[in-house]
Amino acid sequence: AQKITQTQPGMFVQEKEAVTLDCTYDTSDPSYGLFWYKQPSSGEMIFLIYQGSYDQQNATEGRYSLNFQKARKSANLVISASQLGDSAMYFCAMREGRRGNTPLVFGKGTRLSVIA
Amino acid sequence: DVKVTQSSRYLVKRTGEKVFLECVQDMDHENMFWYRQDPGLGLRLIYFSYDVKMKEKGDIPEGYSVSREKKERFSLILESASTNQTSMYLCASSFYPGGGDEQFFGPGTRLTVL
């Protein structure tokens with residue numbers, strides 16, 4: 001079974017609008033972390049935001065916020081006030097357990113296109 | 001700033017050649033990882049290492065080997081390149097032990113095997 005599911009292969013959003021990218025995960029470990037990365041066309045992976053399984057508050061970083069619904073096992077990324085530079089692939093990832101040397105497991109990604 | 005560098009951005013090799021992909025990080029990170037990225041499949045883990053001379057298989061290790069002789073350097077080796085190894089290869093590193101520590105990625109190597 002897939003551990004990370006991103007059901008939206010592609011999405012379009014109007015500039016200055018908010019957009020939500022979906023991510024659901026599957027784990028039986030009570031301790032885990034969830035990550036979102038952005039990959040522009042240049043190819044580099046850029047870390048955006050992190051949510052720990054025990055964090056009470058939803059994580060926020062500037063225009064990025066993570067809508068963490070633990071019971072539903074979802075960790076959706078919300079981008080507010082979209083900009084043209086937000087056009088990229090977005091990957092959701094999970095690390096199970098508390099140890100930092102556990103690799104991340106990635107979803108298949110969502111391609112976001114921001115339209116002027 | 002953490003810097004992860006990869007030896008080549010683009011590489012073209014022939015079937016059967018031995019291929020070395022080098023990755024170097026400059027932040028004294030314990031953990032290093034090799035992924036391959038293919039359209040529609042996301043990133044898949046090939047191998048990772050949490051210490052010098054230590055290595056662990058990821059999800060798709062077949063056809064690959066790795067070497068970590070120094071902490072800052074993690075090499076991916078294709079013993080006999082095949083066309084189905086044409087892909088984007090991404091190296092990453094992270095600091096242990098924090099579970100919240102993100103992985104820092106290199107710019108990627110786009111390998112074409114003819």
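What you are looking at is a predicted structure, and each value in this text was computed from that prediction instead of being measured. First the proteins, then the strands, lettered A, B, ... as listed; each starts at 1. What's counted below: heavy atoms across the whole structure, side chains too, no hydrogens, waters or symmetry copies.
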- Side chain, backbone, both or neither of A/Q51 within contact of chain B (heavy atoms, under 4.5 Å): neither
- Ring centroid separation A/Y37 to B/F105 under 6.0 Å: yes
- Query: For the rings on A/Y32 and A/Y25, is their centre-to-centre separation under 6.0 Å?
  - Reply: yes
- Can you tell me how far the CZ atom of A/R111 sits from the OG atom of A/S87, to the nearest 0.5 Å? 9.5 Å
- Would you mind checking which part of B/L43 comes under 4.5 Å of any heavy atom in chain A, side chain (CB onward), backbone (N, CA, C, O), both or neither? both
- Query: With only heavy atoms counted, which part of B/Q37 is less than 4.5 Å from chain A, the side chain, the backbone, both or neither?
  - Reply: side chain
- Contact part of B/R44 toward chain A, heavy-atom cut-off under 4.5 Å: side chain, backbone, both or neither? neither
Tell me which donor-acceptor pairs under 3.5 Å the side chains of residues 12-19 of chain B have, and how far apart each pair is, sequence neighbours excluded?
| from | atom 1 | to | atom 2 | distance (Å) |
| --- | --- | --- | --- | --- |
| B/T15 | OG1 | B/L114 | O | 2.7 |
| B/E17 | OE2 | B/R14 | N | 2.7 |

- Message: Tell me which of these, B/G108, B/G40, B/P107, has more heavy-atom pairs under 4.5 Å with chain A than the rest.
- Response: B/G40
- Message: Using side-chain heavy atoms (C-beta onward) and a distance below 4.5 Å, is A/C23 in contact with A/T5?
- Response: no
